[in-house]
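Encoded as structure tokens, here's the structure I'll be asking about.
Letters A, B, ... are given to chains in the order of the sequence lines, protein chains preceding strands, and every chain is numbered from 1. On a predicted model such as this, the values are computed, not experimentally measured, just so you know.
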There are 2 protein chains.
Amino acid sequence: MKKALRSSPKPVRPSALQAESLRQTRREHAAETAEDYAEAIADLAASQGEARVVDLARRLGVTHVTVNRTLARLQREGLVSVQPYRAIFLTPAGRKLAEECHHRHSVVVDFLKSLGIPEKTAEIDAEGIEHHVSPGTLAAFAKYTNR
Amino acid sequence: MKKALRSSPKPVRPSALQAESLRQTRREHAAETAEDYAEAIADLAASQGEARVVDLARRLGVTHVTVNRTLARLQREGLVSVQPYRAIFLTPAGRKLAEECHHRHSVVVDFLKSLGIPEKTAEIDAEGIEHHVSPGTLAAFAKYTNR
DNA sequence: TACATAATGTAGCTTTGGCTACACTTTGGC
DNA sequence: GCCAAAGTGTAGCCAAAGCTACATTATGTA
Ligand SMILES: [Mn+2]
Ligand SMILES: [Mn+2]
Ligand SMILES: [Mn+2]
Ligand SMILES: [Mn+2]
């Protein structure tokens, strides 16, 4: 029913490509929490010796309740191992994820700084951008930084 | 209680900055749906003459049910005006948002392409990155593209 | 004009990830 | 060794965004 009212000039972007791009973005968002948690846990383990719920909450800018529920999910997914009133540990899979994320984070931050963006802004923007950078784009960023 | 087990060498990143960066990222995610919808509605209005629920669903890669519920929220927030079985219209605020988003999207895509990233990858990555680019970073992207 | 079908709307479910309020456990300092 | 305070856990609330299944409305065509 209802055909195009006028001769649809230029489909600004093909619907199928945009739909696929948005689906990809949503997949990235679903993985994002796990990535930030893994990175934060590894960071804390390195700098404090261990990661506690309260440290994570401070680091991630959420309450300890949110941290607890998210850790339960990450344990279900095999990324962390938690026991009541104990420090939080990454599984091998969690450690691998943390390393990849830390690397990606560094590449993005360094790239933004090499464009002349101030450190603090680079840190803030990178925290969001890092999850949406495909391998090819990451490589292009790294190449530009070390040009 | 529990003090640092060892002499906490280097806090890889200050907790306060990371927490603030993550809060900013979450704020951006909360605004993201509105931005993509506004842009898609404006696009459809321009290319088809009007935006219908079914077109949006195809464009956004979700079911028409999701589109309906999201439109109800966007109407609550004063960005769109919807009436049962009618085309969807942007309010002045919605049009303004759509223009800004369309501009940001173009700048990010052009920037990625100017780094040598293939068009399709640029489109996919931009769909996520665009929501995490601060004004300063956007300006740096634009400047690099037209260097 | 009738009506099959496309479009639209709604009910009700799920997961994620925020929160407050309150309860329980650990632990450092006295 | 006690015990207050810090840390941790849990119950239960909320909103966003996804879905399926089904009901209702509009409309192009026969
Ligand atoms: Mn991040
Ligand atoms: Mn990060
Ligand atoms: Mn987008
Ligand atoms: Mn994002």
Worksheet item: Would you call the rings of A/H132 and B/H132 parallel, tilted or perpendicular, where under 30° means parallel and over 60° means perpendicular?
Response: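 A/H132 vs B/H132 ring planes: parallel.
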Practice prompt. Give the minimum heavy-atom separation between B/R73 and B/A34, together with the two atoms involved.
Written response: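 Scanning both residues, the minimum pair turns out to be NH2-N, 4.3 Å.
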Discussion item. Looking only at the side chains, is there a donor atom on one of A/D110 and A/T145 sitting less than 3.5 Å from an acceptor on the other?
Written reply: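 Result is no, nothing qualifies.
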Worksheet item: Considering only D/dA17, D/dG7, C/dA7, which nucleotide approaches the side chain of B/V54 most closely?
Response: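 Nucleotide nearest to B/V54's side chain: C/dA7.
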Worksheet item: In terms of ring plane angle, is the pair B/F141 and B/F111 parallel, tilted or perpendicular, where the classes change at 30° and 60°?
Response: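 B/F141 and B/F111: parallel rings.
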Practice prompt. Say whether, by atom type as modelled, one donor and one acceptor occur between the side chain of B/R95 and the main chain of B/L90 under 3.5 angstrom.
Written response: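 At least one qualifying donor-acceptor pair exists.
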Measure all distances between protein nitrogen or oxygen atoms and nitrogen or oxygen atoms of nucleotides 19-21 of chain C, and list the pairs falling under 3.5 Å.
unit_1	atom_1	unit_2	atom_2	d
C/dC19	OP2	A/T63	N	2.9
C/dC19	OP2	A/T63	OG1	3.1
C/dC19	OP2	A/T66	OG1	3.2

Fill in: Degree of bending in the helix from C/dT1-D/dA30 to C/dC30-D/dG1 once both end axes are built from five pairs, to 10°
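The two end axes of the helix from C/dT1-D/dA30 to C/dC30-D/dG1 meet at 10°.
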Worksheet item: For A/E77 and C/dG17, what is the distance between atoms CD and C1' respectively, to the nearest whole Å?
Response: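 It works out to 13 Å between those atoms.
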Fill in: No-hydrogen, no-angle side-chain donor-acceptor test under 3.5 Å, A/R52 and A/H64
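Looking only at side-chain atoms, A/H64 and A/R52 do not form any donor-acceptor pair under 3.5 Å.
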Worksheet item: Can you find a side chain N or O atom of A/R58 that sits less than 4.0 Å from OP1 or OP2 on D/dA6?
Response: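 Looking at the OP1 and OP2 atoms of D/dA6, neither is under 4.0 Å from any side-chain N or O of A/R58.
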Worksheet item: Hey, is the main chain of B/V133 close enough, under 3.5 Å, to the side chain of B/T137 for a donor-acceptor pair?
Response: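 No, because the side chain of B/T137 does not come within donor-acceptor range (under 3.5 Å) of the backbone of B/V133.
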Discussion item. Just the rounded figure in Å: distance from P of C/dT16 to CD of A/E28.
Written reply: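 In whole Å, C/dT16 P lies 18 Å from A/E28 CD.
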Item to complete: Output yes when at least one side-chain N/O atom of A/N68 is less than 4.0 Å from OP1 or OP2 of D/dG9, else no.
Response: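 Yes, such a contact exists.
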Fill in: Comparing A/A34 and A/P84 on DNA chain C - which has the more 5′ nearest nucleotide
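That would be A/A34.
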Fill in: Whole-Å gap separating P (C/dT27) and CZ (A/R86)
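The answer, rounded to whole Å, is 8 Å.
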Worksheet item: Relative to the 5' end of DNA chain D, which residue comes earlier, B/Y85 or B/Y37, by the nucleotide with the nearest heavy atom?
Response: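 The residue closer to the strand's 5' end, by nearest nucleotide, is B/Y37.
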Worksheet item: OP1, OP2 of D/dA17 versus side-chain N and O of B/R73: anything below 4.0 Å?
Response: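 Result: yes.
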Discussion item. Between A/E32 and B/Q83, which residue's closest nucleotide on DNA chain C lies nearer the 5′ terminus?
Written reply: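 In this pair, the answer is B/Q83.
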Practice prompt. Spell out, as yes or no, whether a donor-acceptor pair under 3.5 Å connects the side chain of A/R58 to the backbone of A/V53.
Written response: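 Side chain of A/R58 to backbone of A/V53: no pair is present.
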Worksheet item: Got a donor-acceptor contact below 3.5 angstrom from the A/T91 side chain to the A/L79 backbone?
Response: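 At least one qualifying donor-acceptor pair exists.
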Worksheet entry | Between C/dT26 (P) and A/E50 (CD): distance, integer Å |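 Distance, rounded to whole Å: 14 Å.
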Discussion item. Whole angstroms only, please: what is the CZ-C1' distance between B/R52 and C/dG9?
Written reply: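 Spelled out: CZ on B/R52 to C1' on C/dG9 is 13 Å.
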